[in-house]
Amino acid sequence: RWSRFARVLFTRSCAIYADPVADLLDKRGAFRARLFRESCVFHRGNYVKDLSRLGRDLRRVLIVDNSPASYVFHPDNAVPVASWFDNMADTELRDLLPFFEGLSRVDDVYSVLRQRRTSS
């Protein structure tokens, strides 16, 4: 079911320590690529994930992130999530799966994400 999605891990963390953590979390190789701080743009004191650098049609790209500073260039592509630290009962990402499944069937994520923002 995940084959419809091109999953990319994009973190503002440095590769030298984020890559080993990603290895631990991604035992099944779910991510097609990994992008780290080196792939971000330094903008007004923050590292920003510039989705336009992915070379993809942004109408088909979304970013799931807990930090609005990460996606300041592309807020219309964002699915904000709460920060996770150590709550083993957290199910936010799993709860979003039906929403992501629905997004996989649209040609333009902007209208769906806009509707989600206005109804929240």
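Predicted model only: the values in this text are computed from it and were never measured. Any value given below was found using the heavy atoms of this structure, including those in side chains, with hydrogens, waters and symmetry copies removed.
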May I ask you to check whether over 12 heavy atoms, not counting those of Gln115, lie within 6.0 Å of atom CD?
no

Hydrophobic cluster identity match, Phe31 and Val64, side-chain contacts under 4.5 Å:
no

With sequence neighbours excluded, what pairs up with Arg37 under the side-chain contact (heavy atoms from CB on, under 4.5 Å) test?
Cys14, Tyr47

Looking just at side-chain N and O atoms, do Ser39 and Arg53 make a donor-acceptor pair shorter than 3.5 Å?
no

How is the hydrophobic cluster of Phe73 composed, in terms of its other members, when Ile, Leu, Val, Met, Phe, Trp and Tyr link through side-chain heavy atoms under 4.5 Å apart, directly or indirectly?
Val41, Val48, Val72

Hydrophobic cluster membership, Trp84 vs Leu97, 4.5 Å side-chain cutoff:
no

Leu58 side, atom CG; Tyr110 side, atom OH - distance, nearest 0.5 Å:
4.5 Å

Rounded distance (nearest 0.5 Å) linking atom CZ of Phe10 with atom CG of Leu54:
6.0 Å

Output the distance between atom CG (Leu103) and atom CD (Glu101), rounded to the nearest 0.5 Å.
10.0 Å

Which atom of Tyr17 lies closest to which atom of Pro20, heavy atoms considered
O-CD, 3.4 Å

Other residues, nucleotides, ligands: >12 heavy atoms within 6.0 Å of Leu24 CG
yes

Return the minimal non-hydrogen interatomic distance between Arg117 and Pro75, and the atom names on each side.
NH1-O, 3.7 Å

Worked verdict on Asp76 versus Arg114 for salt bridge (charged side-chain N to carboxylate O under 4.0 Å, His left out)
CA-CA 7 Å; Asp76 294 336; Arg114 191 176 310 115; 5.7 Å; no

May I ask you to check whether over 12 heavy atoms, not counting those of Arg56, lie within 6.0 Å of atom CZ?
no

Residue set satisfying side-chain contact (heavy atoms from CB on, under 4.5 Å) with Arg116, at least two apart, ordered chain then number -> Val79, Leu96, Phe99, Ser120

Would you say Tyr71 ends up clustered with Leu51 if hydrophobic residues are merged whenever their side chains have heavy atoms under 4.5 Å apart, either directly or through other cluster members?
yes

Determine whether a donor-acceptor pair (N or O, by modelled atom type, separation under 3.5 Å) exists between the side chain of Asn77 and the backbone of Val61.
yes

Could you grab the distance from atom OG of Ser13 to atom CG of Leu35, nearest 0.5 Å is fine?
12.5 Å

Any side-chain donor paired with an acceptor under 3.5 Å for Ser52 and Asp50?
yes

Less than 4.5 Å apart, side chain to side chain, heavy atoms only: is that true for Arg12 and Asn46?
yes

Using a strict threshold of under 4.0 Å (side-chain N to carboxylate O), is an ion pair present between Asp108 and Arg60?
no

Does Asp23 come within less than 4.0 Å of Arg34, counting only side-chain N to carboxylate O?
yes

Minimum heavy-atom distance Asn66-Pro68, with the two atoms named
O-CD, 3.6 Å

Answer yes if Leu93 and Ile63 sit in the same cluster of Ile, Leu, Val, Met, Phe, Trp and Tyr residues linked by side chain heavy atoms under 4.5 Å apart, and no otherwise.
no

For the CZ atom of Arg59 and the CG atom of Leu113, what is their distance to the nearest 0.5 Å?
14.0 Å

